[in-house]
Amino acid sequence: MKKILVSLAAVLLLFSCQNEDNTVPTTASNPAAKRVCATQEVYEAQLRANPNLALQRNQIETFTEQAIAQGRLVNGKVVIPIVVNVLYKTAAENISAAQIQSQIDVLNKDFNATNTDFSSVPSLFSGVAANVGISFELASVVRKSTTKTSWGTNNAMKKTSNGGLAPTSPTTKLNLWVCTIGGGILGYAQFPGGSSATDGVVIDSKYFGLSGTANYPYNLGRTATHEIGHWMNLRHIWGDANCGSDLVSDTPTHNSANYGVPVFPHYSTCSGTPVEMTMNYMDYTDDRGMFMFSNGQKSRMATIFISGGARAGFGI
């Protein structure tokens, strides 16, 4: 069982998901060979701009630990309205309404354990496999033509001054930006505590939904599931460090990120050599290789929606 840590040092390790050389090119690329997100780089840039962000994140971690310990979780159903902001230069980037709806459908299945591959959860983890019980509905779609071939990871797509689209009602709606990010980046999220002016999730159009531009092996909509997990305060399952902690008690300790579709059981060399939960949405496996959240992750996500939580505006 991993102890939930709330130290500032733990906070500063949040969401390590940059390229191996710590750079993120901004040119368009072919479909990524490996799952790569840019949440850590974005976080570090926000931290440089706002040193108080680390304190805010630490306060959120303290609140989360106390809420879970006290059983102060959401009663009832949380429904998240989604605004999809489509930024396109080519016809392919101007994704269809059907492709957008397919992504909403995937989210509703993945967060409510109605995805068909949920039945593939190994018996070892069946006791902690979670129905998160959070649903999503499409509130609106905003489209904008652009001359940009790629947007990078500096939140330019979220700013009208840079040719992007500002978020719509970010304290009560989850904004998704769908655009070409470049550099092999599949997506990135802003976790709780950041500025509302940049709050939300960015997904490259090549990895969004089930149809249209969606590219194998990231063509099952799981990039959005993974990134929205970050938006709901989940860390990567390996804790962004070798044998690190994801601040969740019922996920095994992982050596590092897993790619592709690992053969089960895949053993960690960390203390106790546990079997890794490679099928968890917060690992880095291919879309077809991830199909569960844990009960501990469910509790962690739920705390942000209760009164006093970082996303209480979405609660009931």
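The first residue in the sequence is number 1, and the count goes up from there. Both backbone and side-chain heavy atoms feed into the values below; hydrogens, waters and symmetry mates do not.
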- Query: Should Q56 and L53 count as side-chain neighbours, where that means a heavy-atom distance under 4.5 Å?
  - Reply: yes

- Look at the side-chain heavy atoms of Ile, Leu, Val, Met, Phe, Trp and Tyr, link any pair under 4.5 Å apart, and say whether L210 and I104 land in one connected group. no

- Would N242 and S256 count as having a side-chain donor-acceptor pair, cut-off 3.5 Å? no

- Note on the structure: K173 and A139 have their tightest heavy-atom pair at CE-CB, 4.1 Å

- Query: Is S268 reaching over with its side chain to a backbone N or O of H254, donor-acceptor style, under 3.5 angstrom?
  - Reply: no

- D287: what forms a salt bridge (Lys or Arg N to Asp or Glu O under 4.0 Å) with it, not counting sequence neighbours? R35

- Please walk me through it: do H226 and M282 pass side-chain contact (heavy atoms from CB on, under 4.5 Å)? CA-CA 6 Å; H226 175 100; M282 301 315 294; 4.2 Å; yes

- Decide yes or no on side-chain contact (heavy atoms from CB on, under 4.5 Å) for R57 and N233, but give the supporting numbers first. CA-CA 10 Å; R57 287 294 304 157; N233 207 28; 2.7 Å; yes

- For W177, the option from V202, D204, V142 that meets side-chain contact (heavy atoms from CB on, under 4.5 Å): V202

- Identify, with sequence neighbours excluded, every residue that meets salt bridge (Lys or Arg N to Asp or Glu O under 4.0 Å) alongside R222. D110, D117

- Can L220 be reached from Y284 by stepping across I, L, V, M, F, W or Y side chains whose heavy atoms are under 4.5 Å apart? no

- Query: Does one side chain, of T278 or D283, offer a donor that lies under 3.5 Å from an acceptor on the other?
  - Reply: no

- Short side-chain donor-acceptor distance under 3.5 Å, S211 and Q99: no

- Message: Applying side-chain contact (heavy atoms from CB on, under 4.5 Å), can you list everything that pairs with A92, at least two apart in sequence or on another chain?
- Response: T90, T213

- Please answer: with hydrophobic residues joined when any side-chain heavy atoms are less than 4.5 Å apart, are F291 and V106 in the same cluster? no

- State, to 0.1 Å, how close G260 and T285 come at their nearest heavy-atom pair, and which atoms those are. O-CB, 3.1 Å

- Item | Modelled atom types, side-chain donor and acceptor of N85 and N175, under 3.5 Å | yes

- Task: Starting at NZ of K158, measure out to OG of S195 and round the result to the nearest 0.5 Å.
- Result: 9.5 Å

- Message: Within the 4.5 Å heavy-atom criterion, are I100 and F208 side-chain neighbours or not?
- Response: yes

- Nearest 0.5 Å please: distance from the OG1 atom of T223 over to the CD1 atom of I185. 11.5 Å

- Note on the structure: To the nearest 0.5 Å, atom CD1 of I181 lies from atom CG of L87 at 11.0 Å

- Task: Please round to the nearest 0.5 Å and tell me the distance separating atom CG of N258 and atom CD1 of I237.
- Result: 9.0 Å

- Query: Can the ring centroids of Y188 and W231 be said to lie less than 6.0 angstrom from one another?
  - Reply: no

- Query: What pair of heavy atoms forms the shortest contact from I306 to T303, and how long is it?
  - Reply: CG1-O, 3.2 Å

- Item | Neighbour count >12 (heavy atoms, 6.0 Å) for atom NZ, K109 | no

- Task: Give a yes or no answer on whether the side chain of R235 reaches the backbone of S245 with a donor-acceptor pair at less than 3.5 Å.
- Result: yes

- Message: Quick check: closest heavy atoms across W151 and G163, and the distance to 0.1 Å?
- Response: CH2-O, 3.5 Å

- Item | Counterpart residues, ring-ring contact (aromatic ring centres under 6.0 Å, His included), relative to F111 (two or more places apart) | F136, F293

Show which side-chain atoms of residues 123-133 pair as donor or acceptor with protein atoms under 3.5 Å away, not counting sequence neighbours.
| unit_1 | atom_1 | unit_2 | atom_2 | d |
| --- | --- | --- | --- | --- |
| S126 | OG | S123 | O | 2.9 |
| N131 | OD1 | G133 | N | 3.0 |

- With no hydrogens and no angle check, is any side-chain donor or acceptor of R143 less than 3.5 Å from a backbone partner on I95? yes

- Could you walk me through whether V83 and L174 pass side-chain contact (heavy atoms from CB on, under 4.5 Å), step by step? CA-CA 6 Å; V83 177; L174 167 56; over 6 Å; no

- Message: Applying side-chain contact (heavy atoms from CB on, under 4.5 Å), can you list everything that pairs with S135, at least two apart in sequence or on another chain?
- Response: K77, V79, N108, N112

- Is the shortest heavy-atom distance from the side chain of L234 to the side chain of F191 under 4.5 Å? no

- So how far is it from Y281 OH to M292 CE, rounded to the nearest 0.5 Å? 9.0 Å

- Task: Considering non-hydrogen atoms only, spot the tightest contact between S271 and P274 and give its length.
- Result: O-CD, 3.6 Å

- Got C270 and E276 here, is their nearest side-chain heavy-atom distance under 4.5 Å? no

- Query: Tell me, do L138 and Q101 make a side-chain contact under 4.5 Å, heavy atoms counted?
  - Reply: yes

- Task: Rounded to the nearest 0.5 Å, what's the gap from CE on M157 to CG on L165? Could you check?
- Result: 11.0 Å

- Any M279 side-chain heavy atom under 4.5 Å of M277 side chain: yes

- Note on the structure: Heavy atoms of A312 and S307 approach each other most closely as CB-CA, 4.4 Å

- Query: Given R288 and V261, is the side-chain contact (heavy atoms from CB on, under 4.5 Å) satisfied, shown in steps?
  - Reply: CA-CA 7 Å; R288 70 188 190 282; V261 183; 3.5 Å; yes

- I60 and V248: same hydrophobic cluster, using ILVMFWY side-chain contacts below 4.5 Å? no

- Message: Using a strict threshold of under 4.0 Å (side-chain N to carboxylate O), is an ion pair present between E93 and K206?
- Response: no

- Task: Check whether any side-chain heavy atom of T180 sits under 4.5 Å from a side-chain heavy atom of S205, and report yes or no.
- Result: yes

- Can you find a side-chain donor-acceptor pair between N295 and D250 that sits under 3.5 Å? no

- Query: Going by atom types alone, do Q297 and N280 pair a side-chain donor with an acceptor below 3.5 Å?
  - Reply: yes

- Keeping the roles fixed (side chain from N155, backbone from T198), state whether a donor-acceptor pair exists under 3.5 Å. no

- Is there side-chain contact between R311 and D199, with heavy atoms separated by less than 4.5 Å? yes

- Message: Suppose we call two aromatic rings close when their centres sit under 6.0 Å apart. Are H236 and H230 close by that rule?
- Response: yes

- Do we see a donor-acceptor contact under 3.5 Å between the side chains of Q46 and N50? no

